[in-house]
Amino acid sequence: MKTYYLTCAIDYPNGEPHLGHAFEKIGADCIARFKRLQGYNVYFSTGVDENSLNVARTAREAGRDPRDFVNEFSPRFHNLWQHLDVSADVFIRTTEERHTLASAEIFRRAHANGDIYKGKYEGWYCLSCENYYPDTDLNEGMCPVHSTKPEWFSEENYFFALSSYQDRLLEHFEQNPGFVQPEFRRNEVLNFIKEGLKDFSVSRAGTDWGIPVPIDESQVIYVWFDALINYATVAGFPDDAERFAKWWPADAHVIGKDILRFHAIYWPAMLMAAEVELPKSVVGHGWIDLEGKAMSKTTGTAVDPFEVTAKYGVDPLRYYLLREVPFFRDGSFVWDNLDARYHRELGNDLGNLLNRTVSMIGRYRDGVLPAAGPNSEPETVLQAAIVEAWEKVASGFDAWNFSEALSDLWQLVAAANRYVDATQPFKLAGDLEQAGRVDTILYNLAESLRHIALLLAPAAPTTADRIMEQIGAGSVEAGAWEAGREWGGLVAEGPVPGGDPLFPRIE
């Protein structure tokens, strides 16, 4: 079986998870589910970055021991992903022993290859980014990402010789044009490399929170030289060679645009230094804000996903984020837009289509799916729309263009609704001479809903299963993509049980 290894950024557990975190995880989950439907054996990882100095400082400012603090907050991220149907196979915490071993091994290998040396660092450091900034990168003296004043650090550390990998990185980008996606992000990274890479500090002195440097336990490994290694840790590095050979290299690292540099430059160079194969791609997504204001725990503009799902449900939130905001671009969460998409697209377009279909089969055929007769022009038009939707939706998912994929899927939903209006089975049902025609229409509607459910499953898995159950098709199964696209998957004379409305109106 084909394998697909997908990773997400690991989050700082220094507060409650918010919708900005969920945007990335839901997008990655959509790909994981799409690949499983295509028959891939998927391994999907996420987790939390607990060794951050940001986390340690937040804990101590709250009068808490960092270990107790992360033990409280890390599970909240895991619980949220489970609540949002994020189908991750593993949730790593970087304080785990397996990760300590992996980080130490990468450090040892890079040091043995002559790529780590001791030196003195002086400069600006943003604790929220866990990143060093030269004066030229600051925005009027402030961090370019968080708009906060960075701290001045001066200490003796170990450094990684990133500059010596500039030519190898450029060669890798040239030979692998799809290494960073989308292309405009790739160009940003390439320009950064061409401007000249500088060595960076890979350890911190004067703290006991973090993974000890294996050659000098008076220091801890700098968080980025530790956090990035989690992707190799969960794949079995360094001790489980069989597991590592199965999953590595990762097919895609999914991360936000603000940390693209670390994943597309630092991480590949670290792997080169450790003589480990590079991942196949790094996918940089945009940010989601709250009605034009950047989401932030510190400014109070973060949206609690649990608050959203308590009112609208999990799948409507998943659908809204994937449909509303192109994954590679920035976008906004707007409550009114969510409400409009819930009622107009999910409730009226899809929910009513299902309700009308199962209700008519229940009323006119005693809840049993009739066999279809010969096609007329409306059936030909509808089935052509289904063929087109399969091609376009698959293309959209393949390109991480969820918004366009769902837009193309809704063209099929609209075609199915037009089919009802054009054929009007409710007007033909009382005419015995039209019984065969009504059978054909009802079958075509139910079969169309089966196709819609399969195409919707990566984005809204619970809704897809509910559609399948109501039309008597069971549930969406892994590997169903190719066989499922063929016409005639529903077997006539089977029960069509129906059920409650998918998306009841919210006042």
Side-chain angles (χ1 to χ4, degrees), residues 4 6-11 16-37 42-48 76-91 181-182 251-259 283-290 295 302-335 337-338 341-342 345-346 393 396-407 409-410 455-465 476 503:
Y4 191 88
L6 174 69
T7 77
C8 280
I10 52 176
D11 304 302
E16 299 288 349
H18 58 67
L19 211 58
H21 301 111
F23 178 62
E24 173 181 284
K25 294 342 185 244
I26 290 170
D29 182 66
C30 187
I31 289 293
R33 291 178 180 276
F34 174 57
K35 292 297 180 181
R36 292 191 191 104
L37 273 172
V42 173
Y43 189 50
F44 174 22
S45 76
T46 185
V48 283
R76 298 185 186 185
F77 286 80
H78 191 203
N79 293 341
L80 177 59
W81 307 150
Q82 290 181 318
H83 175 68
L84 295 178
D85 277 342
V86 173
S87 59
D89 298 286
V90 61
F91 181 90
Q181 301 176 45
D251 291 273
H253 291 318
V254 185
I255 45 84
K257 64 179 185 179
D258 55 321
I259 54 174
V283 179
H285 63 79
W287 287 348
I288 186 167
D289 61 40
L290 174 61
M295 282 200 193
V303 176
D304 180 0
F306 286 105
E307 179 186 356
V308 182
T309 61
K311 183 173 183 179
Y312 291 98
V314 169
D315 273 5
L317 173 60
R318 289 175 60 105
Y319 173 81
Y320 170 77
L321 291 177
L322 296 170
R323 179 71 179 86
E324 180 88 358
V325 183
F327 198 58
F328 292 147
R329 300 288 180 178
D330 295 342
S332 294
F333 175 84
V334 180
W335 283 100
N337 291 356
L338 168 60
R341 288 198 185 275
Y342 176 90
E345 296 173 9
L346 294 175
V393 172
F397 284 150
D398 273 327
W400 300 76
N401 194 341
F402 312 121
S403 180
E404 188 171 304
L406 291 172
S407 176
L409 174 54
W410 245 249
L455 292 169
L456 182 63
T462 299
T463 299
D465 280 342
V476 177
F503 305 104

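The analysis underlying the following values was restricted to heavy atoms, covering all of them including side chains, and did not include hydrogens, waters or symmetry mates.
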Inset, instruction - Show your reasoning for whether side-chain contact (heavy atoms from CB on, under 4.5 Å) applies to Thr463 and Phe503. - result: CA-CA 9 Å; Thr463 299; Phe503 305 104; 3.6 Å; yes
Inset, instruction - In sequence, state the C-alpha distance, the side-chain angles, and the governing distance for Thr7 and His253, and then conclude on side-chain contact (heavy atoms from CB on, under 4.5 Å). - result: CA-CA 5 Å; Thr7 77; His253 291 318; 2.6 Å; yes
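The ring of Phe327 has its center closer than 6.0 angstrom to the ring center of Phe23. Taking the six-membered ring wherever Trp is involved, the centroid distance between the rings of Tyr342 and Tyr319 does not fall below 6.0 Å.
Between Ser403 and Arg329, the side chains place no donor N or O within less than 3.5 Å of an acceptor N or O (distance only, hydrogens not considered).
Taking CG of Leu346 as the start and CG of Leu338 as the end, the distance is 9.0 Å to the nearest 0.5 Å. In this structure, the separation between CG on Asp251 and CD1 on Ile31 is 11.0 Å, given to the nearest 0.5 Å. Taken from CG in Leu317 to NZ in Lys311, the straight-line distance is 13.5 Å, to the nearest 0.5 Å. To the nearest 0.5 Å, atom CG of residue Asn401 and atom CG of residue Leu322 are 11.0 Å apart. For the atom pair CG (Leu409) and CG (Leu455), the distance works out to 5.5 Å, reported to the nearest 0.5 Å. Annotation: the span from Glu307 atom CD to Tyr312 atom OH amounts to 10.5 Å, rounded to 0.5 Å.
Under the 3.5 Å distance criterion, the side-chain polar atoms of Glu324 are left unmatched by any main-chain donor or acceptor of Asn337. For the pair Arg318 (side chain) and Leu84 (backbone), a donor-acceptor distance under 3.5 Å is present. Between the side chain of His285 and the backbone N or O of Gly256 there is at least one donor-acceptor pair closer than 3.5 Å. Listed for the Asp29 side chain is no donor-acceptor partner under 3.5 Å among the backbone atoms of Ala88. Side-chain N or O atoms of Asp89 include one that pairs as donor or acceptor with a backbone N or O of Phe44 at under 3.5 Å. In this structure, Asp330 contributes its side chain and Trp287 its backbone to a donor-acceptor pair below 3.5 Å.
Trp400 is listed as a side-chain neighbour of Val254, based on a closest heavy-atom distance under 4.5 Å. Using a 4.5 Å heavy-atom threshold, the side chains of His21 and Pro305 count as separate. With contacts defined as side-chain heavy-atom distances shorter than 4.5 Å, the pair Val325/Tyr320 does not qualify. Asp85 is listed as a side-chain neighbour of Arg33, based on a closest heavy-atom distance under 4.5 Å. Residues Val42 and Phe34 fail the side-chain proximity criterion, which asks for heavy atoms closer than 4.5 Å. The shortest side-chain heavy-atom distance between Thr462 and Asp465 does not fall under the 4.5 Å cut-off. Side-chain contact between Tyr4 and Tyr43 is absent, with no heavy-atom pair separated by less than 4.5 Å. The closest side-chain heavy-atom distance from Leu19 to Leu290 is not below 4.5 Å.
For the pair Ala399 and Phe328, the tightest heavy-atom approach, listed with the atom from each and the gap, is O-CE1, 3.6 Å. In plain terms, the two heavy atoms of Ile288 and Ser332 that are nearest each other are CG1-C, 4.0 Å. Taking both residues in full, the closest heavy atoms of Cys8 and Thr46 are given as CB-OG1, 3.9 Å, listed atom of the first, atom of the second, then distance. The heavy-atom pair separating Val283 from Ala252 by the smallest distance is CG2-CB, 4.3 Å. Closest of all the heavy-atom pairs between Phe397 and Pro458 is CE1-CG, 3.7 Å. In this structure, Ala457 and Leu37 approach most closely via the heavy-atom pair CB-CD1, 4.0 Å.
Among the candidates Asp315, Val476, Leu456, the single residue satisfying the side chain to side chain contact (heavy atoms under 4.5 Å, CB included) test with Pro461 is Asp315.
Taking a cutoff of 4.0 Å between a charged side-chain nitrogen and a carboxylate oxygen, Asp11 and Lys25 qualify as a salt bridge.
Using a 30° and 60° split on the angle between ring planes, Phe333 and Trp335 fall in the perpendicular class, above 60°.
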